[in-house]
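One-based numbering, in listed order, for ligands and for the atoms of each.
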Amino acid sequence: MLLTEQYHEDMSVFHVNTLPRRNYYIPFSDFEKAVSYRRRTESDRFQSLNGNWFFTYFPSFQAVLDRNLEDIWLEKSEEVVVPSTWQETGYESHHYLNERFAIPYDPPLVPRENPCGVYWRNIRVSESDRKNFKFHLNFEGVDSCFYLWINQQFVGYSQISHSLSEFDISNYLVSGQNRVTVAVLKWCDGSYLEVQDKFRTSGIFRDVYLVKRDKVAIHHYLLHQTVDVASRTAQLSIEILDPTSSIKEVDYCIYNSSGIEIRRGKGKEIALDNVLLWSAETPYLYTVMLRFGSEWIRERIGFRRIEIKNNILYLNGQPIRLYGVNHHDSRPQTGPVVCYEEQLQDLKLMKEHHFNAIRTAHYPKSPEFYELCDEYGFYVLSESDLEMHGIVAIYGRGGYQNYNEMAQNPLFRLAIQDRTESGIIPFQNRSSIIMWSLGNESGFGDNFERAASLAKKIDPTRLLHYEGFFHADETGDDRLLDVISRMYASVEDIREHYLQEARKPFLLCEYSHAMGNSCGDLKAYYDLMQQYPTFIGAFVWEWCDHAAESIIDGRATYLYGGDFGERYHDGHFCVDGLVSPSRQPHTSLKEYQQIHRPLRASWQDNTLRIWSDYIFLELNKAVDIRIEHLVNGEVSASFLVNELSLPPQQSVCLSLPFDCGKTDLRESLLITYYWSDGFINDYLQGKLVAVEELVLQEHPLKLNSKTAKKLSLDWRVEESASSLRLLANDANELCFDLTTGMLTKFVIDGELKCRSGGKWTIWRAPIDNDRHLLSLWEEAGFEQTQQRLLSYQMEKTTDEIHLTFCQKLYPAYRQAVLEINSQWVIRDDGQVRLEAVLHKNKEYPALPRIGMRFTLPVSYQKVDYVGYGPNESYSDKHHSSYLGTFSTDIDSLWENYLYPQENGSHWSSYCVSVSGEKESLTIQSLSDMTFSFNYSRYSIEEITKAQHAIELKGDNELHLVIDAAHSGVGSASCGPALDEQYQIAATSYVLRLQMS
Ligand code: GAL
Ligand code: MG
């Protein structure tokens, strides 16, 4: 027998022989190294055990139990690189599940077929090291639990996937070669508490390392800070929380953020003055060097004061808002295995896009992540590794009625407390963490009231969060929770909340679900936060798309739930981030960046004023601004402000060296580009952090058309039962199909204008946010429509032909959804005009769009337009775009969503021209009414059908849609329904175009 006792199905034992929890730190022997290191690997006390381990996979732990260690070591094994997951190394296939348990529900039991991966490797320990040091073996993340042996001896056990487990293995080691063996189980009783919506993975997925400690060493200490903002003084107290340690003294040495030594001494109370305070905008860190015995430990501390007064969140005496994002560890090649550089890459990208806060959804991060947050400046809401959402699936017990079952059941009490401790204790010295969260979506009950008091006992200095209280019954007590937290509340819900007395600060721990083409509602929430000072923050769900990369036909593609032959999965619901799996920003991220820009411009009394929304940051020549004055679509003057200096919350008037106040201009726009000069954050050097347009005077603009030949055509009409042809010499022809009213030929002056046109559509390739509407749309039959020309009249004047059409558009098996009265005017100069009034049948629900389709030859790849660009834009998602004249190509218009869907539209356009080498089709609005357009290689039908970007092949045509109206995008995939103002629900719409 391998083990005499088993712990993974026991809800009273979670750790065996682990050291008591402590704050995370890495000791050094050498002061010089300790004071300046970048990575912990530089410590002589740190020995990484990442890298190759021998690995044997057993489909069931039972088979392992029958063996002894020698048998296991002799077993055929392969080498795997730690950290990794079995899904990545190929021992198991991927499995994505949202809120369901991955195993049958019978806690604390887990399936008997419990896969087990045994990892083993040798380590050498020298005779002298063994004499002089203690050896602590650390695991930063193992999913779901593990048993540990050193040489032949069983050492211990631990669980909670995202937690630090530390073992003192000194007494198990011999001088010379030693063998570490770890048996990782796929399931344990903790699996019922880790139902986070993500790819479910197994294995040692975070770093493993040895730390050599002095025989007499400190174990756990805390740094407490009190900051007096007015006098800029701070008190730092060192609390040694180690009753058994004989170390009672500390030598310290403190350097300010410029590296200048400001204090040196012995003792546990340190007073500092002239302190530069830490904030997300000004992440000043003091280096606190601590010597306990002969070990040096570096702590980097930001002095800051967090308070709630009158339900407003204050940092350093100033009200702040948390502009946040939920962050999972997820990479397309490695899943939850994320390296230091990757974590840093995410943080830099967040900074660039004006996030100042992160919620660690839904488990603690690696310790290095928090250190980076201190350094780069983020307010962190750090969450415990706890989610019991699966309970809502218990059969026959009423779904969400059942939400609080585990939260109330004493069986889970200790496990929840264990997770509260493991989520807090290691990270208490991190300045960036301002709030703890007890977990996610686990209901509410006595277990959480206890967890809350435990959290407050461990750390009374920080705020406490738990959204699950929303589901509490009438006995629920939230006195220890510092905020009222909601997820996906609508703007209306929030207004309503504010009609009642706000008991506590309000925050959204999740909102604006960024799945696919999404985040149409961001501005509304931003505005609400400005309106209500006690609305202290909101965290977008979520940072990145989760997907697994796979190479198919030499091309990387991203796979999600259902792509691995699983029976139960949640499809692509995990593909819901602001960035793609490879960290390409989606347009939602750009939208966020623009809405949350810290610098703003306004135009009043003929002057341009720049405002700083920074709260702490004095812009000391840190931003370059370029201002362009556009007249009628062309830059008429530009001006560069080098190195703008501006105190926080202040504004400055810029006098422009040109006059843009003249009223005789047609269209007059002022565009302000903000460039970071890298003064504050060198990694932002040269980055465009916002573009802002001030429309001084809007006027429908055209594209400068190439000087066309003056035509003077003499149209001849040929009419048959099925078609109407207008011909003028050999080089001009328009042909209408008289059954539908569609345009089947359109040639002017020998130029093919389009292959087909005049086809009405109400369908868009559904975006993820349409998913709750799909059954409604399916029922209404919107996807397949038939168009019919009911009647037409022709009238010829001296220089024009007028065709008046009466058309209907029908869903395949229902009454008409649109009635269309249109008039085509074909002029003798070759111009074609269309004026259409589209009446929507009121009985139908809101439509995806109302548009007219055209197909073009594949050579028409160039696109010029006047409208909202350069990013895709919709009625409720256009802040990152601005009104301008853009010249691009069809591929640049395409926004590549992993799950193909409507994308790349340009809202509020006056004109679009698509062209090939010589030929072109130009469509422009006839009045000041604008349209949206899409131009794509793929038809709406093809995009609708495809489930992965790689499936899109295109046909032999390019597809243009000119929309009289296009539904907003909202964020309803998990959130409120699209706001009515962005729905296509009115009774009539108009399209007035000129085509040439
Ligand atoms: C929330 C949950 C997140 C995620 C999201 C949907 O309810 O807290 O973990 O599942 O929905 O993407
Ligand atoms: Mg969930």
Side-chain angles (χ1 to χ4, degrees), residues 95-102 161-162 193-201 324-330 335-336 358-365 381-393 399-400 402-404 406-407 419 423 437-444 448 465-471 483 485-490 493 507-519 521 538-547 560-561 568-581 586 588 767-772 897-899 970-976:
H95 191 194
Y96 161 59
L97 270 180
N98 177 357
E99 65 201 30
R100 282 177 281 183
F101 296 125
S161 295
H162 304 81
L193 293 91
E194 294 179 13
V195 199
Q196 290 96 344
D197 176 7
K198 63 183 180 62
F199 276 80
R200 308 292 171 91
T201 52
V325 63
N326 282 278
H327 186 264
H328 259 293
D329 290 338
S330 174
I358 297 170
R359 173 174 178 233
T360 71
H362 302 297
Y363 40 77
K365 298 286 179 189
L381 166 48
S382 185
E383 194 148 83
S384 293
D385 190 347
L386 178 57
E387 168 146 346
M388 311 190 297
H389 205 162
I391 194 67
V392 302
Y400 274 75
N402 202 42
Y403 210 167
N404 298 335
M406 291 171 83
R419 283 160 191 270
S437 171
L438 295 176
N440 186 56
E441 298 194 310
S442 301
F444 197 82
F448 281 94
H465 164 273
Y466 180 55
E467 182 273 342
F469 180 75
F470 183 66
H471 301 276
V483 292
S485 175
R486 296 282 308 275
M487 45 171 78
Y488 307 112
S490 68
D493 291 342
L507 82 71
L508 291 176
C509 63
E510 293 176 28
Y511 82 118
S512 198
H513 198 250
M515 185 176 189
N517 187 354
S518 189
C519 300
D521 46 19
F539 295 78
V540 173
W541 186 268
E542 71 175 305
W543 177 247
C544 71
D545 290 340
H546 308 221
Y560 47 76
Y568 297 102
H569 62 83
D570 287 293
H572 70 289
F573 203 57
C574 52
V575 183
D576 57 357
L578 293 168
V579 296
S580 75
H586 289 310
S588 299
I767 60 172
D768 290 310
N769 291 330
D770 293 332
R771 71 188 194 109
H772 297 294
Y897 293 105
L898 203 157
Y899 190 96
S971 68
S973 53
C974 177

Show me which atoms of ligand 1 lie under 4.0 Å from any heavy atom of [X].
X	value
Glu441	1 (C), 2 (C), 7 (O), 8 (O)
Tyr488	1 (C), 5 (C), 11 (O)
Asp576	12 (O)
Asn440	2 (C), 8 (O), 9 (O)
His513	6 (C), 12 (O)

Side chain, backbone, both or neither: [X] near ligand 1, heavy atoms under 4.0 Å:
X	answer
Met487	side chain
Glu542	neither
Asn98	side chain
His362	side chain
Glu510	side chain

| request: Answer yes when Arg359 and Glu383 have at least one side-chain N-carboxylate O distance shorter than 4.0 Å, and no when they do not. | output: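 Glu383 and Arg359: salt-bridged.
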
| field | Atom OH of Tyr400 with >12 non-hydrogen neighbours under 6.0 angstrom | value |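 Yes, because the 6.0 Å sphere around OH of Tyr400 holds more than 12 heavy atoms from other groups.
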
| task | For atom CZ of Phe470, decide whether the heavy atoms of other residues, nucleotides or ligands shown that lie under 6.0 angstrom number more than 12. | result |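 It does not: Phe470 CZ has 12 such atoms or fewer within range.
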
| task | Output, in order, the C-alpha distance, side-chain angles, deciding distance and verdict of ring-ring contact (aromatic ring centres under 6.0 Å, His included) for Trp543 and His586. | result | CA-CA 10 Å; Trp543 177 247; His586 289 310; over 10 Å; no

| field | Minimum side-chain heavy-atom gap Tyr897-Asp768 below 4.5 Å | value |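 Not touching, per the 4.5 Å side-chain cut-off.
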
| query | Rounded to the nearest 0.5 Å, how far apart are CG of Asp570 and OH of Tyr560? | reply |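 These two atoms lie 13.0 Å from each other.
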
| field | CE-CG distance between Met388 and Asn404, expressed to the nearest 0.5 angstrom | value |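 The distance works out to 9.0 Å.
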
| message | For the 3.5 Å polar cut-off, considering only N or O atoms, please tell me whether Asp197 and ligand 1 meet it. | response |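 Between Asp197 and ligand 1 (N or O atoms, distance only) the closest approach is under 3.5 Å.
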
| task | Determine the sole option in Lys198, His328, Gln196, Arg419 for which the side-chain hydrogen bond (donor to acceptor under 3.5 Å, both in side chains) test with Tyr363 is passed. | result |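 Passing option: His328.
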
